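Scroll down for the structure; my scribbles are underneath it.
Computed from a predicted structure; not experimentally measured. In what follows, residues are counted from 1 in the order of the sequence shown. What's counted below: heavy atoms across the whole structure, side chains too, no hydrogens, waters or symmetry copies.
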Amino acid sequence: MIRSGKVLRGLVSLRGRAPVRHSASGQAWLTPRGFDTGIKTFNSLSKEKEALILAREGTATWYSCGPTVYDHAHLGHACSYVRFDILQRILTRVFGITVIHAMVITDIDDKIIRRSWEENVSPAAVARLYEEEFKRDMLSLKVVPPAVYLRVTENVHHIVAFIEGIIRNGHAYATKEGDVYFDVESIGERYGKFVGAVGSHGEPGSSNKRDSRDFALWKRSKPQEPHWESPWGRGRPGWHIECSTVASHMFGSQLDIHSGGIDLAFPHHENEIAQSEAFHQCGQWANYFLHSGHLHLKGSAEKMSKSLKNYITIKDFLRSYSAEEFRMFCLSIKYRSAVDYSDSSMMEARTSLETICTFISAAQAYMRGQVHCPPVQEALLWQSLAEAKSNVRTALADDFDTPRAVGALMNLVYEGNRQLQPVSTAEGGVRSPAVLGATVTYIRDVLDVFGIDPLHSKEAEALGGGGNLQAVVEQLAHFRSEVRAFALARPDNKPGVYPDRVPLLKACDTLRKDLVPLGVVIKDRGATSTWEIKQSPREQKDHSDGQPT
């Protein structure tokens, strides 16, 4: 039985609010009042796609759970952070919404303390080391940093005040040992917003807990552990309370979007909701919970995790693949779906990027007059471009459906490639560089929204090799084109090649083949040629050595 007088203590009346919906778990969800973005997103609270409605027009408040910094970040972390980075970029660049993103860094925790004992250094030293590494990893993956990172250790005084507020409102209690627990029974059926939460045995803790589901807000410190002073004695924060406090410190009693991995839904996010609504005495603290699916090594049912020792660090991964390729991999699966990682899936992402990059290079060569082809079906290409723009926007407004958006982009690339079939001689017909220019610009704009610039990355790789490699290849390719054009030319317009010029053509072919292993790809397009710099086959082989499948 629920203790009378405590279930609804301090909770606001729902009268006069937006319509009440019921989630798959049977818990009420309130449709927010505010500004409709035109986007539908899957809300873990209702288990349905809902209209994304923000409290303030053109602005979204967004809180995400950051890392516990006791070890290297791995690819599972990268997948979640990159996916949500892509969603935030879409909100900002496609729908014109300013995202105010705050993230907590958990820099005090049982695992951090254990690591500090193992390495005989302070917990603060361990946390700072891995925090800085995490931030570098995120930058290397082109993840836009949040508006602010907030550390738990710098907010303990706020956490203590937050716990005191929950106790005042009748939803937490202190034990004689100096621990403080949230009183789950005090909120009755309001606990269990995520499926599977009701009936859980809860977390281990003091035998003086009133209910097995009660969870720690404050933990008394054991000998040799870091501690802070509090009304309940020396101790440190529980895990869940840090996020509620920091998010509330940033955004108050109303949060638009909360994100994290699906493994955090229960108990972490469930407990965050309980604490926050008990403190703020509100009916709904966060309006939307977005959860990303797990990353699995292909063939394994288990998620990538440090505890299972089945992870690939971000630093090791980036020795084999680029940030652009990883982003293309993430775009190919819906953000809330589980992901199977393998070398073959990464090679598919690499191939897709190369297909796009090759089209862009060919289209730019056409605009420079270096590619001769039959007259472009201009009206058809303009129509394809308009359809791609409409389809991409529609897909992204439908729960950020990046696989469908990328598919629309690849269809546009296919149509563009179909129009750029080279011929051996210039026909002097009508040219259509404008429509190809518009197509290239749009494709690059969409990729930029997703955090991808394949042409820039290739130029950076080339220039990073020492000297202006681009200029050297340009001169070499130009010289080869002139030799090849001379070898093919026949002033008498008769078919075939002059016998004494055949060795020149063979030398041109030999040079083209010899450059491939060095990463320079020259493509003969009729009487003209284009070129691009790619990763050499030898480098690709070196990168694939030792990679798990």
Side-chain angles (χ1 to χ4, degrees), residues 354-378 380-381 413-441 443-444 454-456 458-459 461-463 465-538:
E354 287 182 347
T355 299
I356 294 171
C357 190
T358 298
F359 165 69
I360 291 174
S361 295
Q364 289 174 333
Y366 173 86
M367 287 184 277
R368 290 193 297 265
Q370 296 173 331
V371 170
H372 305 302
C373 61
V376 169
Q377 295 175 278
E378 196 167 321
L380 179 61
L381 199 50
V413 169
Y414 169 77
E415 186 56 47
N417 273 328
R418 215 168 59 83
Q419 298 288 328
L420 291 176
Q421 297 302 313
V423 294
S424 57
T425 57
E427 296 180 356
V430 177
R431 300 183 72 256
S432 306
V435 67
L436 268 302
T439 302
V440 166
T441 298
I443 290 171
R444 294 191 70 173
L455 297 184
H456 175 77
K458 285 181 180 295
E459 290 171 5
E461 289 171 9
L463 293 174
N468 195 336
L469 181 58
Q470 289 262 328
V472 173
V473 174
E474 173 68 38
Q475 291 297 323
L476 177 63
H478 178 69
F479 176 75
R480 178 184 174 278
S481 292
E482 288 192 334
V483 172
R484 187 168 175 273
F486 172 76
L488 290 171
R490 283 198 66 128
D492 56 10
N493 292 322
K494 291 182 179 179
V497 178
Y498 287 127
D500 59 345
R501 298 184 184 180
V502 170
L504 291 177
L505 282 179
K506 289 183 177 179
C508 288
D509 289 342
T510 299
L511 176 61
R512 175 173 52 80
K513 293 174 183 176
D514 289 347
L515 289 174
V516 171
L518 303 178
V520 177
V521 178
I522 295 178
K523 293 187 177 181
D524 293 324
R525 302 178 183 275
T528 60
S529 303
T530 61
W531 63 269
E532 58 184 311
I533 297 174
K534 293 187 175 183
Q535 190 179 44
S536 70
R538 181 179 301 171

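- Note that OG1 of Thr358 is 4.0 Å distant from NZ of Lys523, once rounded to the nearest 0.5 Å.
- Remark: the backbone N or O of Ser432 is paired with a side-chain donor or acceptor of Tyr366 at under 3.5 angstrom.
- In this structure Glu482 satisfies the side-chain hydrogen bond (donor to acceptor under 3.5 Å, both in side chains) test together with His478, sequence neighbours excluded.
- Shortest non-hydrogen contact noted between Val483 and Cys508 is CG1-SG, 3.8 Å.
- Nearest heavy-atom pair across Thr530 and Ala365 is CG2-CB, 3.1 Å.
- Classification of Asp509 and Arg512 as a salt-bridged pair holds, one side-chain N sitting under 4.0 Å from a carboxylate O.
- Here the shortest heavy-atom pairing between Pro374 and Gln421 reads CD-O, 3.0 Å.
- In terms of heavy atoms, Ser529 sits closest to Ile522 at CB-CG2, 4.1 Å.
- The closest donor-acceptor contact from the side chain of Gln419 to the backbone of Gln377 lies under 3.5 Å.
- Between the SG atom of Cys373 and the CZ atom of Arg418 there is a distance of 12.5 Å, given to the nearest 0.5 Å.
- The neighbour count for Phe486 CZ, taken as heavy atoms of other residues, nucleotides or ligands under 6.0 Å away, does not exceed 12.
- The OG1 atom of Thr439 sits 5.5 Å away from atom CZ of Phe359, with the distance rounded to the nearest 0.5 Å.
- The minimum heavy-atom distance between Leu504 and Ala487, with the atom names listed, is CB-CB, 4.0 Å.
- A distance of 13.5 Å separates OH in Tyr498 from CG in Leu505, rounded to the nearest 0.5 Å.
- Taken from CH2 in Trp531 to CG in Leu515, the straight-line distance is 11.5 Å, to the nearest 0.5 Å.
- Separation of atoms CG (Asp524) and CZ (Arg480) is listed at 4.0 Å; rounding is to 0.5 Å.
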Run Asn417 and Val413 through side chain to side chain contact (heavy atoms under 4.5 Å, CB included) and show every step you take.
CA-CA 6 Å; Asn417 273 328; Val413 169; 3.7 Å; yes
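- Between Leu476 and Leu511, the closest side-chain pair of non-hydrogen atoms falls below 4.5 Å.
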